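Quantities reported herein were computed from a predicted structural model and do not represent experimental measurements. Indexing begins at 1, ligand by ligand and atom by atom, following the structure's order.
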Amino acid sequence: MIPVKTIEWVGDADGACRIIDQTLLPTELRYLDLTDSDAMWEAIRSLRVRGAPAIGIAAAFGVYLGVRAIGPEDDSVSFVAELERVTAHLATSRPTAVNLFWALERVNRIGMEVVASGGPAAARRALLAEAVGLIDEDNAACRALGAHGAALVADGDTILTHCNAGSLATAQWGTALAVVYMAAELGKRLSVYADETRPLLQGARLTAWELQQAGVPVTVITDSMAATVMAQGRVNAVIVGTDRVAANGDFANKIGTLGVAILAREFGIPLYVAAPLSSVDLNLASGAEIPIEERKPEEVSLGFGRRTAPEGVAIYNPAFDVTPARYVTAFITERGVVRAPFAEGLARVGNSPSSRARLVIPRESAGPIPRQGATDA
Ligand code: MRU
């Protein structure tokens, strides 16, 4: 069972970052070769590439694509200026997934260090190598996380998941769905309920698509059916991904996750949060500090081109919610399973040099993403 590659580099230094255009799934599997930083910004903002770890990797390639555009003859001063500009711009693409800022911080630091010692040409090479390396790291982390998670489930179990925390949300192996893929490698067959995940249907369009490709039994339900399938005893465990885990264990994930967590508690079903360390933000004390993206109203009122609410009616469209730590049974990380007390456990696994790196974004670029108007695609 080898899941699809969501993001990869094709060619040499003049090559392109190849992504699956996820806005077209499940009806069309089209790859896009992105060759400049603005195209990468647009792909992240419009969810052509989405899911916390995939966004981080995409942004890293975006930085390389940005500085590649300035000529090899350029001096270090203009290279640094462009590196800073491109990094800050990519940081405005989406606000909630900390992986974006984690990855930007990493590549920005590498670029700065190498340009100081070796000049722009060496820095460009280092940036591409770092972005490609993030794919390898992500694959290793997801597979390790999946193996830890697979120990928590039994052959024949049924998992309920929300949104897409699968291969399409990472480089290849997924986080929540890595548990399913790795369990299969260990001979445990799982089946999945996929919440459709209003309003953009990542569950119905993406989770169902990738599990079907992988031969995993999957059943799509509308979000409002989750209570019923739990009440009917059809679910052994809920496993979701996350965009950001605060130091106390509160976590942000796709809107609707909070409701699923409350239901799981009510029905005595364990809630596992698949959280690579690149999604853990020890700088935030609690979930109250996590910036929540608000997206354009048309995603609700004009979903996929069909008017579903009266023109002019008020719409509220937060893309993520925050689930308090008390609903979490355990976090599944690449370094093992973390149970309560979460503050101690997350600090223990999260305090590695790679997970400490954080990007300090200038105020003006870190602000809330402006609401997009009706004319936006
Ligand atoms: O808006 P999206 O599709 O990027 O939201 C994605 C999610 O909420 C995922 O569950 C989360 O990023 C974890 S992905 C491993």
Subject >> Close approach, Asn164 and ligand 1, non-hydrogen under 4.0 angstrom >> reply: yes
Subject >> Interfacing atoms of ligand 1 (cut-off 4.0 Å, heavy-atom, Gln202) >> reply: 1 (O), 2 (P), 3 (O)
Subject >> For Lys254, the ligand 1 atoms whose distance to one of its heavy atoms is below 4.0 Å >> reply: 1 (O), 2 (P), 5 (O), 8 (O)
Original post:
Which heavy atom of the protein is the closest neighbour of atom 15 (C) of ligand 1, given with residue, atom name and distance?
Top reply: Thr175 OG1, 3.0 Å
Subject >> Numbered atoms and elements of ligand 1 in range of Ala169, under 4.0 angstrom, heavy atoms >> reply: 14 (S), 15 (C)
Subject >> Note: Arg109-Glu105 ion pair, threshold 4.0 Å (strictly below) >> reply: yes
Original post:
Would you call Glu185 and Arg143 a salt bridge, taking side-chain N to carboxylate O under 4.0 Å as the test?
Top reply: yes
Original post:
Taking 4.0 angstrom as the limit, do Arg106 and Glu137 come out as a salt bridge?
Top reply: yes
Subject >> ligand 1 atoms in contact with Phe320 (distance to a heavy atom under 4.0 Å) >> reply: 1 (O), 5 (O), 8 (O)
Original post:
What atoms of ligand 1 come closer than 4.0 angstrom to any heavy atom of Arg94?
Top reply: 1 (O), 2 (P), 4 (O)
Original post:
Short list, please: which atoms of ligand 1 are under 4.0 Å from a heavy atom of Asp243?
Top reply: 7 (C), 8 (O), 9 (C), 11 (C), 12 (O)
**OP:** Can you establish whether the number of heavy atoms outside Gln232 located under 6.0 Å from its atom CD is more than 12?
**Re:** yes
**OP:** Indicate yes or no: does Glu196 engage Arg198 in a salt bridge with an N to O separation below 4.0 Å.
**Re:** no
Subject >> Any N or O of Ile55 closer than 3.5 Å to N or O of ligand 1 >> reply: no
Subject >> Glu42 and Arg45 ion-paired at < 4.0 Å >> reply: no
Subject >> Under-4.0 Å salt bridge between Glu298 and Lys296 >> reply: no
Subject >> Numbered atoms of ligand 1 (with element) below 4.0 Å of Pro53, judged on heavy atoms >> reply: 14 (S), 15 (C)
**OP:** With heavy atoms under 4.0 Å as the rule, classify the contact between Thr242 and ligand 1 as side chain, backbone, both or neither.
**Re:** backbone
Original post:
Is it true that Arg48 and Asp21 have a side-chain N and a carboxylate O under 4.0 angstrom from each other?
Top reply: yes
Original post:
Is any NZ, NE, NH1 or NH2 atom of the basic residue among Arg94 and Glu293 found under 4.0 Å from an Asp or Glu carboxylate oxygen of the other?
Top reply: yes
Original post:
Can an N or O of Asn253 be found at a distance shorter than 3.5 Å from an N or O of ligand 1?
Top reply: yes
Subject >> Per-atom contacts, ligand 1 versus Ala52 - under 4.0 Å to a heavy atom >> reply: 12 (O), 14 (S)
Original post:
Tell me: protein heavy atom nearest atom 6 (C) of ligand 1, and distance?
Top reply: Arg50 NH2, 3.4 Å
